[in-house]
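Here is the naming used below: chain letters follow the sequence lines, and residue numbers restart at 1 for every chain. These numbers were taken from a predicted model, which means no experiment stands behind them.
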Protein chains: 2
Amino acid sequence: MDAIDQSLLELLRGNARLSYAELARQVGLSAPAVHERVGKLEASGVVRGYRAEVSPEAIGLGVTALIGIVEDSGGDTDDVLEAFRAMPEIESCYFMAGVESFLLKARVGTIAELEQLIVRLNRTPGVASTRTAVALSTKWENRPQPVPAPPA
Amino acid sequence: MDAIDQSLLELLRGNARLSYAELARQVGLSAPAVHERVGKLEASGVVRGYRAEVSPEAIGLGVTALIGIVEDSGGDTDDVLEAFRAMPEIESCYFMAGVESFLLKARVGTIAELEQLIVRLNRTPGVASTRTAVALSTKWENRPQPVPAPPA
DNA sequence: GGCTCTGGTCGATCGCGTCCACGGCCTACA
DNA sequence: TGTAGGCCGTGGACGCGATCGACCAGAGCC
């Protein structure tokens with residue numbers, strides 16, 4: 001993971017569909033060399049995948065909510081997790097320090113759907129209570145920050 | 001935005017580096033047809049871009065925190081936003097309903113850096129108070145949910 | 001000093017991206 | 001109902017890119 005790898009990551013975070021030839025020009029190597037480097041970054045898990053970023057509103061998911069979950073003292077955390085995983089509306093799931101064990105980011109089409117989701121969450125075994133905050137607007141999201149000095 | 005467009009979005013959300021030829025095979029059209037459809041999806045803003053997803057730990061950003069911000073009654077929201085925007089650690093910024101006007105997702109390398117970030121946030125004009133919760137682990141993040149029925 | 005491993009370039013081949021001309025279907029309208 | 005026009009697709013052509021193999025330079029190690 002040297003400076004060239006960092007440049008490649010930076011470039012691919014900006015536009016994942018850049019050709020190897022274009023990447024090669026940008027970093028001053030040959031295309032096969034870039035191909036090999038990127039392959040190693042993928043194989044080592046540094047690059048997890050390449051995703052098209054779709055505007056949520058455009059596909060009818062205009063409502064974003066952040067939901068804190070307090071767990072039942074008797075519940076099994078893994079079961080709760082499984083239940084969350086089965087709900088496709090839950091885009092992100094963090095296990096947190098604090099009273100609320102989980103923080104979920106959910107995306108639905110309407111407030112009515114959000115209501116149904118919250119009801120389902122509250123009914124989930126192991127969930128003691130939920131606290132929902134809805135996002136009025138998303139100022140930005142998943143902004144890539146510059147790759148800092150490598151850990152190695 | 002018909003069923004084929006939805007398939008294309010689904011495919012590209014799974015792997016943004018698929019070739020047009022491959023996409024064409026998957027949806028049963030010719031490559032130029034797919035090229036044109038994807039071009040229109042990009043032009044209309046449905047597809048915002050293509051991003052490589054990089055493992056945060058691999059680039060030395062092992063600490064994720066969610067930070068709620070209570071605004072000063074006298075502060076200017078736009079100024080606060082500008083200040084947040086200038087902090088690269090803040091990956092996402094939502095404007096929320098509720099006492100806390102903003103919810104930030106921040107990513108830093110160490111707890112010490114998180115401390116410095118919180119100090120900077122509290123010093124920011126317009127910020128009355130902050131509430132930080134750190135993520136112990138990320139169960140999943142930005143999981144693409146199936147494209148539902150189109151709004152049209 | 002020579003061996004080997006790593007990581008690069010170069011060249012060749014094959015497939016892909018992309019442009020263009022053409023054609024079929026659907027609709028609007030007389 | 002016949003017809004014109006627009007939309008959206010296909011097929012062909014051509015140049016570029018992906019990718020493989022062969023080869024080479026430098027570092028580290030015996």
Side-chain angles (χ1 to χ4, degrees), chain A residues 1-61 142 144 146-152, chain B residues 1-61 142 144 146-152:
Chain A
M1 169 78 91
D2 59 4
I4 291 184
D5 281 339
Q6 289 180 34
S7 305
L8 290 174
L9 288 181
E10 213 82 64
L11 288 165
L12 285 171
R13 290 214 285 178
N15 180 4
R17 280 183 81 80
L18 286 176
S19 68
Y20 290 116
E22 183 57 33
L23 290 171
R25 275 189 287 272
Q26 300 274 341
V27 302
L29 287 183
S30 66
V34 167
H35 189 254
E36 175 153 351
R37 277 173 176 266
V38 173
K40 284 181 182 171
L41 288 172
E42 292 170 0
S44 68
V46 175
V47 172
R48 288 212 200 117
Y50 304 95
R51 297 268 186 78
E53 187 187 327
V54 173
S55 160
E57 301 81 21
I59 55 173
L61 296 174
N142 299 127
V147 180
Chain B
M1 169 77 90
D2 60 3
I4 293 185
D5 281 340
Q6 289 180 33
S7 304
L8 290 174
L9 288 180
E10 212 80 64
L11 289 165
L12 285 171
R13 290 213 288 177
N15 180 4
R17 280 182 80 81
L18 286 176
S19 69
Y20 290 114
E22 184 56 33
L23 291 170
R25 276 187 286 270
Q26 300 274 339
V27 302
L29 287 183
S30 65
V34 168
H35 188 251
E36 174 154 352
R37 277 174 177 265
V38 172
K40 284 181 183 170
L41 288 172
E42 293 170 359
S44 68
V46 176
V47 171
R48 287 211 202 117
Y50 304 95
R51 299 265 188 79
E53 186 188 327
V54 174
S55 160
E57 302 81 22
I59 56 174
L61 296 175
N142 298 129
V147 179

Among [options], the nucleotide that comes nearest once only the side chain of [X] is considered:
| X | options | answer |
| --- | --- | --- |
| Lys40(A) | dG17(D), dG7(C), dT10(D) | dG7(C) |
| Ala31(A) | dT19(D), dT18(C), dC16(C) | dT19(D) |
| Ala33(B) | dA18(D), dC8(D), dT10(D) | dT10(D) |
| Ala21(A) | dG17(D), dG9(D), dT18(C) | dG17(D) |
| Leu29(A) | dG9(D), dG17(D), dG8(C) | dG8(C) |
| Ser30(A) | dT9(C), dC8(D), dC16(C) | dT9(C) |
| Pro32(B) | dT9(C), dG11(D), dC8(D) | dG11(D) |

*Ignoring backbone atoms, test whether His35(B) places a side-chain nitrogen or oxygen under 4.0 Å from the OP1 or OP2 oxygen of dG17(C).*
no
*Arg25(A) side chain N/O closer than 4.0 Å to the phosphate oxygens (OP1, OP2) of dG17(D)?*
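True: Arg25(A) side-chain N/O within range (under 4.0 Å) of dG17(D) OP1/OP2.
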Roughly, in whole Å, what's the span from [atom1] in [X] to [atom2] in [N]?
| X | N | atom1 | atom2 | result |
| --- | --- | --- | --- | --- |
| Leu41(A) | dG7(C) | CG | P | 12 Å |
| Arg17(A) | dG17(C) | CZ | C1' | 10 Å |
| Asp2(A) | dT6(C) | CG | C1' | 13 Å |
| Glu36(A) | dT19(D) | CD | C1' | 12 Å |
| Leu23(B) | dG17(C) | CG | P | 8 Å |
| Leu18(A) | dG17(D) | CG | P | 12 Å |
| Arg37(A) | dT19(D) | CZ | C1' | 18 Å |

*asked:* Please determine whether salt bridge (charged side-chain N to carboxylate O under 4.0 Å, His left out) holds for the pair Arg51(B) and Glu10(A), giving the CA-CA distance in whole Å, both sets of side-chain angles, and the decisive distance to 0.1 Å.
replied: CA-CA 10 Å; Arg51(B) 299 265 188 79; Glu10(A) 213 82 64; over 6 Å; no
*Counting N and O atoms only, with roles assigned by atom type, does the side chain of Arg13(A) sit under 3.5 Å from a partner on the main chain of Glu53(B), one being a donor and the other an acceptor?*
no
*Considering non-hydrogen atoms only, spot the tightest contact between Val46(B) and Ala58(A) and give its length.*
CG2-CB, 3.8 Å
_Let me spell it out: for each of Ile4(A) and Ser19(B), pick the nucleotide of DNA chain C with the closest heavy atom. Which residue's pick is nearer the 5' end?_
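The residue whose closest nucleotide sits nearer the 5' end is Ile4(A).
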_Criterion salt bridge (charged side-chain N to carboxylate O under 4.0 Å, His left out) on Glu57(A) and Arg48(B), from CA distance to verdict_ = CA-CA 12 Å; Glu57(A) 301 81 21; Arg48(B) 287 211 202 117; 3.8 Å; yes
*Decide whether Glu36(A) and Tyr20(A) meet the rule of one side-chain donor and one side-chain acceptor closer than 3.5 Å.*
no
